[in-house]
Amino acid sequence: MSVRTRFAPSPTGFLHIGGVRTALFNWLFARQLGGQFLLRIDDTDAGRNVQEALQPILDGFRWLGIDWDEGPEVGGPYGPYYQSQRLPQYQSAVKVLLEKGLAYRDFATPEELKAEREQAEKEKKAFLYSRKWMAETDEQAARFAAEGRQGVVRLKIPREGQCKFSDHVRGECVFEWSREQDHVIQRADGTCLYHLASVVDDFDFKISHVIRAEEHLSNTPRQIFILQGLGYPQPEYAHLPFVAEPGSHNKLSKRKIAQYLKNPEFKRLYDSGVEIMTRMGKGNLSADTFNPVIVDFYREVGYLPSAILNYLMLLGWSLDDKTEDLTVEEMIRHFTLARVTKAPASFDPKKLWSFQDRHMQKLDVKKKVAAMIPFLQAAKLLPQPVPCEVGPKLTRIIDAAGDRLKVMGDILNYSDFFFVKEEDFLYDETDFAKRVSPPQSKDLLEKFRAVLAGMQDFEVGPLEEALKKFIEAEHIKIGDIVHTLRVAVTGKSVGPGVYDCLALLGKVVCLKRIDKALAK
RNA sequence: GUCCCCAUCGUCUAGUGGCCCAGGACCCCGGGUUCUCAGUCCGGUAACAGGGGUUCAAAUCCCCUUGGGGAUACCA
């Protein structure tokens, strides 16, 4: 039988980082074994705008390179893949269970149930429904209905014995049937509940391995009861520990974003993203849709999908005692359920940052150029379409900026002065006051301007040579002139090497800006 | 409350009875290199939750305690 795994997002409007980790493990597992990975949409209670709320999730997966063989937008032989469109399948499964006596119609009111529950609590006993309003025959049902009661369908869970199953992460699991409730599988209005739907879907989609978050571990017995009742084969199970909040073992939640922003490291990551967005004129952001718990954040700011995947993979999984960096191909090759950790792992923004850093360092310049152009365009530093001479120039700029570019959006921090029109060129006032304003700085700048003006070959090598000669002649240290020079031509004190800046700016622009600085 | 799961540096982890007075990575702290920043190089701090067993030997096995999480919904 071929390996088939699935991930079942509900259309919430955004892709959560913890969900990606679960999806990633499913995807890696299927890809390694040459199987299929599919997406099923849990939209049973979402109502309208499903498509709208689903789009960011699909976009997120596509951006990350997690592709699905069956599901929304790609279809597949076992569809529909939306739970909201599968009610007939669920209802016929309920009918089978009813016919086999493995489920029953129940007419208890919520109040009656609540009373039983409270009674059990008072006696410090585990609650177990008395089945007082259980209708096993049509007559009983009719009698209850005549009283105006609404009927639901419940599972008739055995009250003795054990449910045993094996889990790839947890090992052998044993649960007492007597601890299970007679869970409702169908509401009075005929709609069905998650556990039933999930089991039916997994069977219809021929899912071989159910790889999901550990919160479903204790739901597994009731699902096994359903699938056995339906005569389905049992899939393999693997329950993954969840991704926890930064610095705690609580499950990472999209609702607690405000709280996470109080974490300094999380905040820093967030702020760096906001800064880049602001430069692109997208500054008015809501933390509900733009923050480091949501995948869109990383796409917008220009992270590398491979870095995120690499980080997420090592959250609850390891290859050995030293391997950290893996390409996507290596992830697929090495992944194994047996090496998944049992304890929850907390999300560490700084560590993610360090993966991004290393993946970026290994990335080919050509790819950086292609990826950074849209950022420059969004910040209105480059026109659309891009003039052909920009390619080589941008390549040199990116080379010069080197490892300073941590994310694609960083190009805006290191290259604006290369692209800005002369009339829009501005100085950072603090840097200018410190590095250019002092009279001795201006003197040196003026003298060095003359040297630059006399140069023919305005390239890195000759520029460096000229500057070295200059400091020797003036009996100064390199630091006495280089900072002044940098601020004069780039407007700020931080950036690529000065010789690179000078050469890339070109003689005309450099002289113009030095004059502007001297006149200021 | 009841049932189930989990527990190694601040964080992610290696460790499946002797190779571990516990290894790697991130962070942090020193120092070298460099025109700034970034990077890079060298070095450092830092953990087996606690208590009982079992064993010649325990981070590793067992029990208890503690702490955290999950399930107990006509949520998914």
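To find a chain, count down the sequence lines: A is the first, B the second, and so on, and within it residues start at 1. For the numbers below, each heavy atom of this structure counts, side chains included, while hydrogens, waters and symmetry mates do not. Keep in mind that this is a model prediction, so the values were computed, not measured.
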S.K.: Cation over ring, A/Arg358 on A/Phe355, under 6.0 Å and within 45°?
M.R.: yes
S.K.: Could you tell me how far apart A/Leu315 (CG) and B/rA25 (P) are, to the nearest whole angstrom?
M.R.: 19 Å
S.K.: Paired with B/rU40: which nucleotide, if any, by Watson-Crick or G-U wobble criteria at under 3.5 Å for both distances?
M.R.: B/rG32
S.K.: From the set B/rC5, B/rC74, B/rA76, return the single nucleotide nearest to any side-chain atom of A/Glu215.
M.R.: B/rA76
S.K.: Strictly below 4.0 Å, N to O, side chains only: are A/Lys132 and A/Glu112 in salt-bridge contact?
M.R.: no
S.K.: Within the 4.5 Å heavy-atom criterion, are A/Val487 and A/Asp428 side-chain neighbours or not?
M.R.: no
S.K.: If we take the C1' atom in both B/rA58 and B/rG18, what is their distance in whole Å?
M.R.: 10 Å
S.K.: Hey, are A/Lys350 and A/Asp357 close enough for a salt bridge, meaning a charged N less than 4.0 Å from a carboxylate O?
M.R.: no
S.K.: Would you indicate what A/Gly479 reaches in the nucleic acid, counting non-hydrogen atoms under 4.0 angstrom: base, sugar-phosphate, or nothing?
M.R.: nothing
S.K.: Please confirm whether the backbone N or O of A/Tyr260 pairs with a side-chain atom of A/Asn263, one donor and one acceptor, at under 3.5 Å?
M.R.: no
S.K.: With a non-hydrogen cut-off below 4.0 angstrom, is A/Phe242 in contact with a base, only sugar-phosphate, or nothing?
M.R.: sugar-phosphate
S.K.: Could a donor-acceptor pair under 3.5 angstrom be found where the side chain of A/His216 meets the base of B/rA71?
M.R.: no
S.K.: Determine the Euclidean distance between corresponding P atoms of B/rC63 and B/rC27; express it in Å to zero decimal places.
M.R.: 40 Å
S.K.: Just to be sure I understand the rule, does A/Pro496 reach a base, reach only the sugar-phosphate, or reach nothing, if contact means heavy atoms closer than 4.0 Å?
M.R.: base
S.K.: Mind calculating the distance between CH2 (A/Trp133) and P (B/rC74) to the nearest angstrom?
M.R.: 15 Å
S.K.: Between B/rA76 and B/rA71, how far apart are the two P atoms, rounded to whole Å?
M.R.: 13 Å
S.K.: More 5' along RNA chain B: A/Glu176 or A/Arg268, using each one's nearest nucleotide?
M.R.: A/Glu176
S.K.: Return no unless some side-chain N or O of A/Thr341 is found under 4.0 Å from OP1 or OP2 of B/rU13.
M.R.: yes
S.K.: Could you tell me whether the phosphate oxygens of B/rA38, OP1 or OP2, come under 4.0 Å of any side-chain nitrogen or oxygen in A/Gln361?
M.R.: no
S.K.: Would a distance-only check, ignoring hydrogens and angles, find a side-chain to backbone donor-acceptor pair under 3.5 Å from A/Ser92 to A/Gln89?
M.R.: yes
S.K.: Please classify the nucleic acid contact of A/Gly497 as base, sugar-phosphate, or nothing, using heavy-atom distances under 4.0 Å.
M.R.: base
S.K.: Return no unless some side-chain N or O of A/Ser318 is found under 4.0 Å from OP1 or OP2 of B/rA14.
M.R.: yes
S.K.: Which is true for A/Glu121 with a 4.0 Å heavy-atom rule: it touches a base, it touches only sugar-phosphate, or it touches nothing?
M.R.: nothing
S.K.: Should A/Ser346 be listed as having a side-chain N or O under 4.0 Å from OP1 or OP2 of B/rC12?
M.R.: yes
S.K.: Roughly how many Å is it from CD in A/Glu265 to P in B/rC26, rounded to a whole number?
M.R.: 14 Å
S.K.: Please determine, for the side chain of A/Ala343, which listed nucleotide (B/rA25, B/rC6, B/rC74) has the closest atom?
M.R.: B/rC6
S.K.: When you compare the side chain of A/Tyr298 with that of A/Leu269, does any pair of heavy atoms fall below 4.5 Å?
M.R.: yes
S.K.: Using the C1' atom as the point on both nucleotides, what is the distance between B/rA46 and B/rC12, in whole Å?
M.R.: 15 Å
S.K.: Would you indicate which nucleotide in B/rG39, B/rG1, B/rC3 comes nearest to any side-chain atom of A/Lys406?
M.R.: B/rG39
S.K.: For B/rC74 and B/rG17, measure between their P atoms and round to the nearest Å.
M.R.: 46 Å
S.K.: Does A/Lys351 get its side chain close enough to the base of B/rA25, under 3.5 Å, for a donor-acceptor pair?
M.R.: yes
S.K.: Which nucleotide, if any, forms a Watson-Crick or G-U wobble pair with B/rA25, using both distances under 3.5 Å?
M.R.: B/rU11
S.K.: Specify the residue among A/Glu180 and A/Ser10 whose closest nucleotide of RNA chain B lies further upstream toward the 5′ end.
M.R.: A/Glu180
S.K.: Can you identify which nucleotide, out of B/rG69, B/rC27, B/rC74, has its nearest atom closest to the A/Asn250 side chain?
M.R.: B/rG69
S.K.: Looking at every strand, decide which applies to A/Ser493 at a 4.0 Å heavy-atom threshold: base, sugar-phosphate, or nothing.
M.R.: base
S.K.: Please pick, from B/rU72, B/rC35, B/rU2, the nucleotide with the shortest atom-to-atom distance to any side-chain atom of A/Arg179.
M.R.: B/rU2
S.K.: A/Arg222 CZ to B/rA71 P: how many Å, rounded?
M.R.: 9 Å
S.K.: Checking salt bridge (Lys or Arg N to Asp or Glu O under 4.0 Å) against A/Glu136, which of A/Arg105, A/Arg131, A/Lys156 comes through?
M.R.: A/Lys156
S.K.: Please check the phosphate of B/rC75 (OP1 and OP2 only) for any side-chain N or O of A/Arg187 closer than 4.0 Å.
M.R.: yes
S.K.: Whether A/Asn219 contacts B/rG70 is assessed here as follows: a side-chain N or O lying under 4.0 Å from the phosphate OP1 or OP2. Is that the case?
M.R.: no
S.K.: Is B/rC56 paired to anything, Watson-Crick or G-U wobble with both distances less than 3.5 Å, and if yes, which nucleotide?
M.R.: B/rG18
S.K.: Scan side-chain atoms only and decide if A/Arg404 and A/Asn413 contain a donor-acceptor pair under the 3.5 Å cut-off.
M.R.: no
S.K.: Looking at the side chain of A/Leu193, which of B/rA25, B/rC74, B/rC5 is the nearest nucleotide?
M.R.: B/rC74
S.K.: Please tell me which of the listed nucleotides, B/rG23, B/rC37, B/rG24, lies nearest to the side chain of A/Asp321?
M.R.: B/rG23
S.K.: How far does the C1' atom of B/rG10 sit from the matching atom of B/rU45, given to the nearest Å?
M.R.: 12 Å
S.K.: Once you round it to whole Å, what is the distance between C1' of B/rC3 and CG of A/Leu128?
M.R.: 12 Å
S.K.: If I take atom CD in residue A/Glu324 and atom C1' in nucleotide B/rU11, what distance separates them, rounded to the nearest angstrom?
M.R.: 12 Å
S.K.: A/Ala345 side chain: which of B/rC74, B/rC35, B/rC12 is closest?
M.R.: B/rC12
S.K.: From NZ of A/Lys251 over to P of B/rG68, roughly how many Å is that when rounded to an integer?
M.R.: 18 Å
S.K.: Find the distance A/Asp325:CG to B/rA25:P and express it as a whole number of Å.
M.R.: 11 Å
S.K.: Using the P atom on both, measure B/rA38 against B/rG31 and round to a whole Å.
M.R.: 15 Å
S.K.: Mind checking the C1' distance from B/rG43 to B/rC62? Whole angstroms is fine.
M.R.: 43 Å
S.K.: Inspect the contact between A/Arg40 and A/Asp42 and indicate whether a charged nitrogen and a carboxylate oxygen are less than 4.0 angstrom apart.
M.R.: yes
S.K.: When you measure from the side chain of A/Ser354, which nucleotide among B/rC35, B/rC26, B/rA76 comes out closest?
M.R.: B/rC26
S.K.: Name the pairing partner of B/rG1, where a pair is Watson-Crick or G-U wobble with both distances under 3.5 Å, or state none.
M.R.: B/rU72
S.K.: Compare the minimum distances between each of B/rG1, B/rG39, B/rC12 and the side chain of A/Lys124, then state the nucleotide with the smallest one.
M.R.: B/rG1
S.K.: Once you apply a heavy-atom cut-off of 4.0 Å, does A/Phe355 come out as touching a base, just sugar-phosphate, or nothing?
M.R.: nothing
S.K.: Under 4.0 Å between any heavy atoms, over every strand shown, what does A/Arg170 touch: base, sugar-phosphate, or nothing? Just pick one.
M.R.: sugar-phosphate
S.K.: Compare side-chain N and O positions of A/Arg404 against OP1 and OP2 of B/rU36 and report whether any pair is under 4.0 Å apart.
M.R.: no
